[in-house]
Amino acid sequence: MNIRETAQAAKAASIKLAATESETKQKALKTIAEALKANCEALVAANREDLRISEENDLAAPLLKRLKFDEEKIADVIAGIESLIGLPDPVGYTLSAIEMGEGLELYKMSCPIGVVGVVFESRPDVLVQISTLCLKSGNAVLLKGGAEAANTNRMLASVIHEATRRAGIPEGWLQLLQTRQDVNDMLKLDQFIDLIIPRGSNEFVRYIMDHSRIPVLGHADGICHVYVDADADLDMAARIAVDAKCQYVAVCNAMETLLVHEKVAADFLPDLQQALEAHDVEIRGCAITRSVIDVAEAEEIDWKTEYLDTILSVKVVGSLQEALDHINLYGSGHTDAIVTGKPESAAMFMDLCDSGNVFWNCSTRFSDGFRYGLGAEVGISTNKIHARGPVGLEGLVIYKWKLKGSGQVVADYASGKKQFTHRSLDRPFSI
C-alpha cells in the first residue's frame with residue numbers, strides 16, 4: 001500500500017477500534033506482552049544488527065544508548081504493558097451530564113482521538129509504549145521510527161500486529177511507515193489523520209508544524225533546570241542534582257542547567273563538582289561559578305542547549321526571581337525543579353515557572369508517564385492544549401456530546417412553549 005492507502009486503512013480501523021469492548025483490548029494487551037516474551041531472543045538479535053550497523057555508521061553515543069533494546073529493556077516494556085492493563089479504560093466515561101429540558105439529556109463522553117501519527121527517535125521501546133497506549137485508548141496509529149532501528153522496529157511491529165490480530169483487534173490499526181518520504185506524505189493527509197506527535201529535535205518538530213494542517217502535540221528540546229535556593233538542604237540538593245543529571249543522561253527530562261543561589265554557591269559547588277566528576281560530567285560555568293570552582297566557561301549557547309550527554313551548564317543567580325527569569329527565558333517548558341526548605345519560595349517557583357512539570361525537592365527524572373502512573377507515555381507535551389506534561393491515556397482521548405431526546409424540536413423552545421432547564425444530572429450515559 002502507498003501512504004494514502006495506509007492512512008485510509010488506519011482510519012477505517014479506528015472507527016471499529018473506537019467501539020471495541022474493553023475486554024477485547026485487555027486481552028490484546030496481554031497477548032502482546034506474552035508475544036514479546038516469546039520473541040525475546042529474536043528481538044534482541046534484530047537489535048544487535050541495528051547496533052552493529054549504527055556503530056559502523058558512527059552514530060552518536062547518546063543515540064546508540066537509546067537504540068539498545070536488550071532483555072532488560074524488553075522486561076521493562078512488558079512491565080509497562082502490565083501496568084497499562086491495570087489502568088481503567090479511558091473511553092466511554094461520562095464527563096458531564098445535563099438535563100437541557102424535560103426529557104432532553106446531554107452527555108459529554110470521552111472517546112478516542114482517531115488516527116495518531118507518531119514520528120520518534122531511535123528508541124525501539126517507544127514503539128511498544130506508543131502502540132499499546134493507542135490500543136488501550138482506542139486509537140489507530142501510524143509509526144515512523146529512526147532508520148537506525150529499522151530491523152528492531154519491523155520485528156516489533158510484526159509481533160504486535162500478529163498478537164492483536166489473534167486477540168480480535170481490527171486489521172490495520174497499527175501501521176509502520178518506512179521512509180522519510182512517507183512522513184512528508186503523511187503530513188498532507190489531514191482527512192485521515194487526526195493528530196501528529198513528533199519526537200525529535202527542535203528543528204524537526206518545527207518542520208512538522210510548518211508543513212501540516214494536522215494538529216501537532218509534543219515537545220522539541222528538553223532543557224530542564226534544577227534551582228538550588230538559598231534555603232536549600234545542600235546534601236539533599238547534591239543528591240537531586242546528581243540524579244537529575246547522571247541517572248540517565250540521554251533523555252529529555254535530564255537536567256541540563258543548574259542554577260545556584262549566590263549565598264550557597266561557595267559551600268555547594270565544590271562538593272557538587274567532586275560528585276559530578278565521579279560520573280565524568282563536564283561542567284561549564286558562568287563567571288561567578290568559575291570564581292568558585294575550576295571549570296570551562298559557559299557561553300550563551302550553553303543555556304539554550306539540550307546536551308543529552310555528560311555535560312552540565314551552571315549559573316549562579318542572585319535571587320529566586322532571577323532563577324525564574326532564566327528558566328522562563330531559556331527553558332523549553334518541559335520540567336524544572338527547586339530545592340528549598342522554604343515553602344513560600346517553593347510556592348512562588350511552582351506558580352511562576354512556566355513549565356508543564358514543576359517539582360519541589362525532587363529530581364527532574366520523575367517527569368515520566370510510567371512514573372506518574374499513566375501507563376508509560378506517547379511523549380511529553382509542552383503545548384498548552386488539551387494535554388500537557390507526560391501524555392498517557394488521558395491525553396489520547398477527546399470527547400463527544402451525546403444528546404438523548406423523545407421527539408423534542410427547537411421550535412418549541414424558540415417560541416417559549418418549552419423552557420430550557422440546564423440542570424445537572426448525577427448519572428452516567430446509558431441507552
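More than 12 non-hydrogen atoms from other residues, nucleotides or ligands lie less than 6.0 angstrom from CD of E162. No more than 12 heavy atoms of other residues, nucleotides or ligands lie within 6.0 Å of CD in E72, so this atom counts as exposed by the packing criterion. Other residues, nucleotides and ligands place more than 12 heavy atoms under 6.0 Å from the CD atom of Q191. Annotation for E299: atom CD does not count as buried by contact number, only 12 or fewer foreign heavy atoms lying within 6.0 Å. Around atom CD of E56, more than 12 heavy atoms belonging to other residues, nucleotides or ligands sit under 6.0 Å away. Crowding of K27 atom NZ: a count of heavy atoms from other residues, nucleotides or ligands under 6.0 Å not exceeding 12. No more than 12 heavy atoms of other residues, nucleotides or ligands shown are found within 6.0 angstrom of NZ on K400. Within 6.0 Å of NZ in K73 there are more than 12 heavy atoms belonging to other residues, nucleotides or ligands.
For S212 (side chain) and I208 (main-chain N/O), no donor-acceptor pair under 3.5 Å exists by modelled atom type.
Atoms NE2 and CD1, from H161 and I32 in turn, are 11.0 Å apart once rounded to the nearest 0.5 Å.
A donor-acceptor pair shorter than 3.5 Å cannot be found between the side chains of T335 and N253. No side-chain N or O of T310 forms a donor-acceptor pair with one of D280 less than 3.5 Å apart. For the residue pair E300/Y330, the side-chain donor-acceptor check at 3.5 Å is satisfied.
With respect to Y107, the ring pair (Phe, Tyr, Trp, His ring centres under 6.0 Å) criterion is satisfied by exactly one of Y399, F429, Y93: F429. Of the residues listed (R423, K402, R427), the one engaging E105 in a side-chain hydrogen bond (donor to acceptor under 3.5 Å, both in side chains) is R427, and it is the only one.
Looking at E282 and R284, a side-chain N of the basic residue comes within less than 4.0 Å of a carboxylate O on the acidic one, giving a salt bridge.
Residues that satisfy the ring pair (Phe, Tyr, Trp, His ring centres under 6.0 Å) test with Y307, not counting sequence neighbours, are absent from this structure.
Residues Y413 and F420 place their aromatic rings such that the two centres sit under 6.0 Å apart.
The aromatic rings of H225 and H326 stand perpendicular to each other, their planes meeting at an angle above 60°, with 30° marking the opposite boundary.
Annotation: side chain of V116 is not in contact with side chain of L217 (no heavy-atom distance under 4.5 Å).
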